[in-house]
Amino acid sequence: MNVFRLAGDMMHLLSIVVLLLKITGIKSCRGISLKTQELYLLVFITRYLDIFTNFVSLYNTVMKLVFLGTSSAIVYYMRYDRIIKLTYDKEQDTFKYLLLVAPSAVLALATSHVYTVLEVLWTFSIYLEAVAIMPQLVLLQRTQNIDNLTGNYVFLLGSYRGLYILNWIYRFFTEKHYRQWLVWTCGVVQTIIYCDFFYYYFLSWQNNEKLALPA
Amino acid sequence: APAAALKDEL
């Protein structure tokens, strides 16, 4: 495992920690899209179905369990916690699941390497992860006074994707049989989706102002 | 169809 991959995973983990701190610490999920969180849970479930059949390393297995556990916890808090659910911006979080899930499913069925349930669902998870952040970005545009934790959460998630691209470039040049066009294309698309957010994040940081995304 | 991907990443 190279340093980019490890740093990427740590950013991903940190983004989840920041989100959980926000939700449980200040008992608020204001500005957080439940739709994005549920899509991530679906991504993890469909991707990690091989958790007990395809052992790679203890690190991978533990991380998969952590991602499954924490994303379930986040969805649970936002949906069912007596206090936290009251802070969810349901009326603003209007992105349609089907708009993201249906194309991902069609593409997975059309491009899967082999047609086994596990492989098609894995391919589906790659497509879905690429676009799962969209409800969150739309909700951010609609949120006035985005708090620091929410801005940092999205920033850390975007950093994780950027670092994975550096990891792929590194592996491309150091490993002979590392050719993953599907994963790469989706990864690049996913990172491009963050570009607009990054622009305004750095702008607000540079000017020492609160983050605001123009509608 | 694309080549089988290495599933050693998260």
Side-chain angles (χ1 to χ4, degrees), chain A residues 1-2 4-6 8-13 43-44 47-51 53-57 59-68 107-116 118-120 122-123 125-126 129 160 163-164 167-168 171 175-187, chain B:
Chain A
M1 184 160 64
N2 62 66
F4 303 112
R5 155 86 197 277
L6 182 64
D9 286 349
M10 290 307 112
M11 288 290 172
H12 195 181
L13 200 58
V43 165
F44 291 140
R47 187 172 305 166
Y48 298 155
L49 282 173
D50 66 351
I51 188 162
T53 56
N54 175 29
F55 182 79
V56 176
S57 64
Y59 171 85
N60 267 35
T61 304
V62 169
M63 289 294 270
K64 287 176 179 180
L65 288 171
V66 167
F67 287 149
L68 284 165
L107 279 170
L109 284 168
T111 64
S112 187
H113 171 58
V114 282
Y115 288 92
T116 60
L118 245 62
E119 191 68 24
V120 172
W122 180 86
T123 312
S125 81
I126 297 291
E129 188 190 358
Y160 142 65
L163 284 160
Y164 254 64
N167 155 53
W168 296 331
R171 292 188 73 175
E175 289 174 42
K176 262 205 165 95
H177 301 289
Y178 193 71
R179 303 279 185 278
Q180 313 213 69
W181 304 117
L182 170 77
V183 175
W184 291 344
T185 310
C186 290
Chain B
L6 283 169
K7 295 191 175 67
D8 61 352
E9 290 177 348
L10 301 164

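Both backbone and side-chain heavy atoms feed into the values below; hydrogens, waters and symmetry mates do not. Chain letters run A, B, ... following the sequence lines, proteins first and then strands; every chain starts at 1.
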Is there a side-chain contact (heavy atoms from CB on, under 4.5 Å) between A/Arg47 and A/Ile126? Walk through the geometry before answering. CA-CA 8 Å; A/Arg47 187 172 305 166; A/Ile126 297 291; 3.7 Å; yes
Of all heavy-atom pairs between A/Val56 and B/Lys7, which one has the smallest distance, and what is that distance? CG2-O, 3.6 Å
For [X], is it the side chain, the backbone, both or neither that has a heavy atom under 4.5 Å from a heavy atom of chain B?
X        : answer
A/Phe67  : side chain
A/Asn60  : both
A/Trp184 : neither

Working for salt bridge (charged side-chain N to carboxylate O under 4.0 Å, His left out), residues B/Asp8 and A/Arg171: CA-CA 12 Å; B/Asp8 61 352; A/Arg171 292 188 73 175; 2.8 Å; yes
When the ring centroid of A/His12 is compared with that of A/Tyr164, is the distance short of 6.0 Å?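 Not under 6.0 Å, so no.
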